[in-house]
Amino acid sequence: MAHGRLSKHSSKYTRKSLYKAIMPVIRFEPAFHAYYTKKREEGKSHRCAQDPAVRKLLRVIYYLCTQDIPYQASSLL
């Protein structure tokens, strides 16, 4: 299944917040850093490499909320 951009049907403020939040996550979380670096090595620009990282962050947040568990990097990614 191909993924495009994040949906423009959602709040622009939410999208903007996610893009601002992903940079510290990429910098300090090794799994996200590796994923972002992989996308950059595939030839994607900085902005284009952020999209899949934001989607991954949303999936992790959703999982944590639905399972009601605390975040532990080694157990999820």
Side-chain angles (χ1 to χ4, degrees):
M1 180 171 158
H3 293 287
R5 303 177 189 180
L6 292 177
S7 172
K8 298 244 175 140
H9 298 285
S10 62
S11 165
K12 67 180 179 180
Y13 302 111
T14 303
R15 282 193 313 275
K16 189 172 184 175
S17 297
L18 286 168
Y19 279 98
K20 286 187 176 202
I22 196 62
M23 287 315 296
V25 173
I26 289 170
R27 181 179 292 155
F28 297 112
E29 185 58 47
F32 280 90
H33 180 75
Y35 190 65
Y36 172 80
T37 304
K38 175 185 162 199
K39 294 299 177 183
R40 289 289 298 193
E41 289 171 354
E42 290 174 2
K44 296 190 182 289
S45 68
H46 168 70
R47 282 273 185 214
C48 290
Q50 280 182 322
D51 285 346
V54 168
R55 274 194 302 279
K56 184 175 185 144
L57 178 63
L58 286 172
R59 288 193 312 268
V60 169
I61 291 170
Y62 179 78
Y63 178 78
L64 293 174
C65 290
T66 57
Q67 300 298 315
D68 196 27
I69 57 174
Y71 177 72
Q72 294 175 351
S74 60
S75 66
L76 291 177
L77 305 173

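All of these numbers come straight from a predicted model, not from anything done at the bench.
- Remark: Tyr63 OH to Arg59 CZ distance equals 13.5 Å, nearest 0.5 Å.
- Side-chain heavy atoms closer than 4.5 Å link hydrophobic residues (I, L, V, M, F, W, Y) into clusters, and following such links, even through other members, never connects Val54 to Tyr35.
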| task | With side chain to side chain contact (heavy atoms under 4.5 Å, CB included) as the test, would you mind laying out the steps for Ile61 and Tyr71 before giving the verdict? | result | CA-CA 9 Å; Ile61 291 170; Tyr71 177 72; over 6 Å; no
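- Closest heavy-atom contact between Pro52 and Lys39: CG-CG, 3.9 Å.
- Within the model, atoms CD1 of Ile22 and CZ of Arg55 stand 11.0 Å from one another, a figure rounded to the nearest 0.5 Å.
- Met23 has its side chain within reach of Gln50: a pair of non-hydrogen atoms, C-beta onward, lies under 4.5 Å apart.
- Here Cys48 contributes atom SG and Arg40 contributes atom CZ; the two are 9.5 Å apart, rounded to the nearest 0.5 Å.
- The two residues Lys44 and Ala49 make their nearest non-hydrogen contact at CB-N, 4.2 Å.
- With respect to Lys38 and Glu41, no salt bridge is recorded, no charged nitrogen being found less than 4.0 Å from a carboxylate O.
- Across all their heavy atoms, Phe32 and Ile26 have their closest contact at CB-CA, 4.2 Å.
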